[in-house]
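Chain identifiers are assigned alphabetically (A, B, ...) following the order of the sequence lines, protein sequences preceding nucleic acid strands; residue numbering begins at 1 within each chain.
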Amino acid sequence: MAERLSRAGVYVALIVAAAIVLFPIYMAFVQALSPPGLYASRGTPLYPVGWDWDVFSRAWDRGNLASAIGRSLVVTGLIVVVQLVTSVLSAYAFAFIDFPFKRLLFAVFLATMLLPIEVTLLGNVVTIRQWGWIDSTAALVLPTAAAAFGTFLLRQAFLGIPGEVREAAVLDGVGDMGFLVRFAIPLARPVIASYTVVTALTAWGAYLWHRAVIVDTAGSATVPIALRTLASSGSDGNIALAGALIVSAPVVLVLIVFQRALVKGLTAGAVK
Amino acid sequence: MAPPRGAGERSFRRTLLAYAMLAPSLAVFVAFVYAPFVRTIGWGTYESRRGGTAYEQVGLAQYRDVLTGSDFWAGVSHSLVFVAITVPLGLLLGLLLAVLADRRLRGIRFFQIAFSSTVASSTAVTSVIFLYLFSSAGPLGLTWLQRESTALPAIALSSVWQSLGMAFIIILAGLQAIPEEVTEAARLDGYGPWRMLTRITVPLISPVLFFLVVVLVVLGFQAYAQVDLMTRGTGGPNGSAETLLFKVFTHSDPDRVTIGSVMSMGLFVLTGIVVFVQMRLLQRRVHLG
């Protein structure tokens, strides 16, 4: 009896907690679907009035979301691919090759993690202006084209490859590039998968840097800049919220798909 | 033939290969991390003249003026308030949700997904949602964002919500790594839920909590998007929500970039000090089993 009571208590607590956590998302839907004209005098309702589904297509047009989402997808995709390539290469050098100044260069990589965006922001903004790169895709991608975090994560994964695998490959006359492509990368797949998800989420959500280098907010906007324009004063809340919900859809989709891939990778990633 | 990994045999060819492999990353780090960092330090020693068309070398005078000025310290106090809200709340609520959801129950997956769901919400999306949730026309009829005393805490609350998913996922992973024998033994010893939490669970996951605290502190000092979106670029009533990074960003035009440079160095040192103090204070209490 006591057991059953406490279980009921846990469920109540879980439901209350979930309701609180999900409340802002629920209200975003309510406010998006309810045309302000229908409730203005009575205050925002707690449930949708009007069911104005058309608001999503208006947000799509007014926010120029097709172009913004396309731009953000290109920028995110480029950052993920380029950062993976640079990280895989440097991780391989640190993991498998012995060379002069290795410790010094390792420290040079490590120290970049102590220099966050607040100390590079102004310098990079000025650089981008001087190079005439304002509004360019290169300006959005290149500053994050390499990452010490990714290098260390992948180096760790490479070092976890059993020595026998490496020795067998070497005995078979496999060279460095062959080993990298045919053994190291496939064996590090679970780590690469989770790293890709984290990098993609970060790149998709980046705001400050986009604010800094995107000046033409009408023609060159990425998703966060388009949202900023939609939410600027004078515009309607329902349309801005509809825009926010639209641009979240791809993220939710990717998280659902990759969650499975991640679990698979983690369970199947054990050494064969 | 390539030697086994780590093995001593150095060859000229493999050394060249290693440098070639490191070159792309190094080029990015030099161009976009080290060069701007060094330039920013130097710019702080120049004062802008004639609206940023000329600069005069003034040594450390500008560092002294800016770092003792009221604008900089207003930014410091706003950033500290922001961190003082987001870090403890993020940690406590994340812990609460994780302890609640770390059990075998029918339907628990649903609650775990619900509690993780805020990771899908970017800072921009979160800020738009809370901008209208907290507006006077919103469902709660709040005027927090319009008032000087509440604008910053309201913005901080939106960040707490946004980081909840991440905190939950990280803490839950820590909880699930605790061996069942440990909690079982404590239960047999008559430990109630509260003593279990404070004596067993929290000490065992303290490395995870410590990691989370550092992440939340660094994120807190980097708050910009929330302030920009939820104050519509104004920095709040009377600048009451201008965090340090917001101030740095507003000082990026040619006329004020040298002042912004000093502020960014101040923010850098401040973040470093806070993280360092935390490490010293918490290190002794963290059980690194």
Just wondering, do [Y] and [X] contact through their side chains at under 4.5 Å, heavy atoms?
| X | Y | result |
| --- | --- | --- |
| B:Leu16 | A:Phe99 | no |
| B:Phe32 | A:Thr144 | no |
| B:Phe249 | A:Val125 | no |
| A:Tyr207 | B:Gln226 | no |
| A:Leu22 | B:Ser117 | yes |
| B:Phe168 | A:Val21 | no |
| A:Val247 | B:Val125 | yes |
| A:Arg211 | B:Ser252 | no |

Quick one: which of A:Val85, A:Thr120, A:Asn124 has the most heavy-atom pairs under 4.5 Å with chain B, could you say?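 Heavy-atom pair counts peak at A:Asn124.
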Who among A:Ala147, A:Ala169, A:Pro143 has the most heavy-atom pairs with chain B under 4.5 Å?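 Of A:Ala147, A:Ala169, A:Pro143, A:Pro143 has the most heavy-atom pairs under 4.5 Å with chain B.
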If I measure from the heavy atoms of chain B, does A:Ala28 come under 4.5 Å with its side chain, its backbone, both, or neither?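 Side chain only.
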At a heavy-atom separation under 4.5 Å, does A:Glu118 approach chain B through its side chain, its backbone, both, or neither?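 Contact with chain B involves both backbone and side-chain atoms of A:Glu118.
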Is it the backbone or the side chain of [X] that comes under 4.5 Å from a heavy atom of chain A, or both, or neither?
| X | result |
| --- | --- |
| B:Leu131 | side chain |
| B:Ile108 | side chain |
| B:Phe111 | side chain |
| B:Leu100 | both |
| B:Ser264 | both |

As an exercise: rank B:Leu97, B:Thr123, B:Leu17, B:Leu164 by heavy-atom pairs under 4.5 Å with chain A and give me the winner.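 Answer, by heavy-atom pair count under 4.5 Å with chain A: B:Leu17.
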Among B:Thr118, B:Val38, B:Leu133, who wins on heavy-atom pairs under 4.5 Å with chain A?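 Looking at each of B:Thr118, B:Val38, B:Leu133 in turn, B:Leu133 comes out on top.
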Who pairs with B:Arg256 by salt bridge (Lys or Arg N to Asp or Glu O under 4.0 Å), at least two apart in sequence or on another chain?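 Only B:Asp253 meet the salt bridge (Lys or Arg N to Asp or Glu O under 4.0 Å) criterion with B:Arg256.
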If I take atom CZ from residue B:Phe246 and atom CG from residue A:Leu208, how far apart are they, to the nearest 0.5 angstrom?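 It comes to 11.0 Å.
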Side-chain donor-acceptor contacts of residues 18-30 of chain B below 3.5 Å, not counting sequence neighbours, with atom names and distances?
residue, atom, partner, partner atom, Å
B:Tyr19, OH, A:Pro100, O, 2.6
B:Ser25, OG, A:Thr86, O, 3.4

